[in-house]
Amino acid sequence: MKHCPLCSTPLNRTLLEANLPAFSCSNCHGLWVSANEYLTWLAPNFSYPLPEIDLAHEFDTPYPVADNNKAILCPDCGRFLRRFQIWPNRKFHLDRCSSCNGIWFDRNEWQTLQAQNLHKQINIFFTEAWQEKLRGKEMQQRFENMYVELFGPEDYEKIKSIRHWLAEHPNGNRLTAYLTDRDPYKG
Ligand SMILES: [Zn+2]
Ligand SMILES: [Zn+2]
């Protein structure tokens, strides 16, 4: 019998979707999905490479999500699950077993992904490429916040549009030289 990695309650068989069996915890409402069952469910519609996920898409959390931050063990093979953040600047993590690839969903995490139609692309979140993209986006956000604070929102918008204008301009280098020259009217 499998037990809940969070609260040790025996897990019950459940069906997440037609043809997608899983295990659920009646106490904390977490879900355990084995890699085999997940991939078997995906198989009829599986296309490779997986469709891109657009980070500009607003990540909604329509349900209260219980995102645990504990080091928990795989209900199948007893190893530590690895915690993956899945969206920039969101406290939303999935726990996945690096050995058997099973996935643990805290309460409402599956439902949240499902509501946004991301539940068929979950394996993307575990890739190095996605994790890197996510970190890049967070870094960008930190710089944005810094500039807004340094310049004020209005001046920041202005300097950003000038920067963009220069970057796109065929004469951009000369314009930049003119702009940064202490006195462009002296030889
Ligand atoms: Zn539980
Ligand atoms: Zn495992």
Side-chain angles (χ1 to χ4, degrees), residues 33 35 38-39 42 45-72 80-99 101-187:
V33 180
Y38 182 64
L39 292 175
L42 277 184
N45 316 301
F46 194 75
S47 61
Y48 193 83
L50 291 166
E52 285 253 329
I53 299 176
D54 184 6
L55 267 181
H57 158 98
E58 191 55 50
F59 188 83
D60 294 320
T61 42
Y63 312 105
V65 171
D67 189 35
N68 92 80
N69 57 5
K70 294 180 190 156
I72 54 175
F80 279 112
L81 299 184
R82 192 174 151 204
R83 220 164 157 253
F84 289 86
Q85 187 182 348
I86 70 155
W87 211 262
N89 302 305
R90 288 285 181 164
K91 283 195 170 61
F92 192 107
H93 299 80
L94 295 179
D95 300 274
R96 186 210 202 199
C97 179
S98 309
S99 174
N101 295 338
I103 308 166
W104 175 256
F105 299 89
D106 292 316
R107 180 172 183 231
N108 283 332
E109 285 181 337
W110 169 263
Q111 289 81 349
T112 297
L113 294 171
Q114 196 179 34
Q116 300 175 83
N117 209 25
L118 292 169
H119 59 312
K120 292 180 179 164
Q121 288 150 285
I122 288 172
N123 280 329
I124 289 180
F125 298 132
F126 307 130
T127 61
E128 196 45 52
W130 179 262
Q131 291 295 316
E132 209 170 287
K133 203 167 158 181
L134 191 154
R135 286 192 292 268
K137 192 82 186 167
E138 289 196 336
M139 176 77 81
Q140 184 192 339
Q141 189 65 54
R142 279 201 292 278
F143 273 104
E144 288 242 16
N145 295 346
M146 188 184 83
Y147 292 134
V148 167
E149 202 170 303
L150 275 175
F151 307 143
E154 228 171 273
D155 284 351
Y156 176 52
E157 279 313 309
K158 199 184 278 180
I159 193 81
K160 223 166 59 170
S161 79
I162 293 172
R163 196 187 145 81
H164 181 73
W165 173 70
L166 286 173
E168 299 292 304
H169 202 289
N171 229 345
N173 287 345
R174 289 190 184 108
L175 289 165
T176 306
Y178 173 86
L179 193 66
T180 53
D181 198 316
R182 255 172 200 278
D183 187 349
Y185 301 98
K186 265 189 194 158

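Remember, it's a predicted structure, so these values are computed and weren't measured experimentally. FYI, the numbering just counts along the sequence from 1.
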Quiz prompt | Chi angles and distances behind the side-chain contact (heavy atoms from CB on, under 4.5 Å) call for Trp87, Leu118 | solution = CA-CA 11 Å; Trp87 211 262; Leu118 292 169; 4.2 Å; yes
Does [atom1] belonging to [X] count more than 12 external heavy atoms closer than 6.0 Å?
X      : atom1 : value
Arg135 : CZ    : yes
Phe80  : CZ    : no
Met139 : CE    : no
Asn171 : CG    : yes

Exercise. Mind listing the closest non-hydrogen atom pair of Pro64 and Asn108 along with its distance?
Key: O-ND2, 2.8 Å
Quiz item: Of all heavy-atom pairs between Asp106 and Ala66, which one has the smallest distance, and what is that distance?
Solution: CB-O, 2.5 Å
Self-check item: Exam field: side chain Asn68 to backbone Lys70, donor-acceptor pair closer than 3.5 Å
Solution: yes
Quiz item: Where the side chain of Arg96 meets the backbone of Phe126, is there a donor-acceptor pair that is under 3.5 Å apart?
Solution: no
How long is the straight-line distance from [atom2] of [Y] back to [atom1] of [X], given to the nearest 0.5 Å?
X      : Y      : atom1 : atom2 : answer
Ile86  : Ile122 : CD1   : CD1   : 7.5 Å
Asn101 : Arg82  : CG    : CZ    : 11.5 Å
Gln121 : Leu42  : CD    : CG    : 9.5 Å
Phe84  : Leu94  : CZ    : CG    : 9.0 Å
Asp67  : Phe92  : CG    : CZ    : 7.0 Å
Gln85  : Leu134 : CD    : CG    : 4.5 Å

Practice problem: Show your working on side-chain contact (heavy atoms from CB on, under 4.5 Å) between Asn69 and Arg83 and close with a plain yes or no. | Solution: CA-CA 8 Å; Asn69 57 5; Arg83 220 164 157 253; 3.5 Å; yes
Practice problem: Please say which of Phe105, Trp104, Tyr63 ends up in a ring pair (Phe, Tyr, Trp, His ring centres under 6.0 Å) with Trp110. | Solution: Phe105
Quiz prompt | Passing candidate, side chain to side chain contact (heavy atoms under 4.5 Å, CB included) with Phe59, options Ile53, Asn89, Leu113 | solution = Leu113
Quiz item: Name the one of Lys91, Arg107, Glu109, Gln111 that satisfies side chain to side chain contact (heavy atoms under 4.5 Å, CB included) with Val65?
Solution: Glu109
Quiz item: Relative to the ring of Trp165, is the ring of His169 parallel (under 30°), tilted (30 to 60°) or perpendicular (over 60°)?
Solution: perpendicular
Practice problem: State whether Arg90 and Glu58 are salt-bridged, where the test is any N-O pair (Lys NZ or Arg NE/NH1/NH2 against Asp/Glu carboxylate O) under 4.0 Å. | Solution: yes
Between side-chain atoms of residues 152-161 and protein atoms elsewhere (two or more places apart, or another chain), which donor-acceptor pairs fall under 3.5 Å?
unit_1	atom_1	unit_2	atom_2	d
Tyr156	OH	Glu144	OE1	3.3
Ser161	OG	Lys158	O	3.0

Exercise. With the side chain counted from C-beta on, respond yes when Trp130 and Asn123 share a heavy-atom pair under 4.5 Å apart, and no when they do not.
Key: no
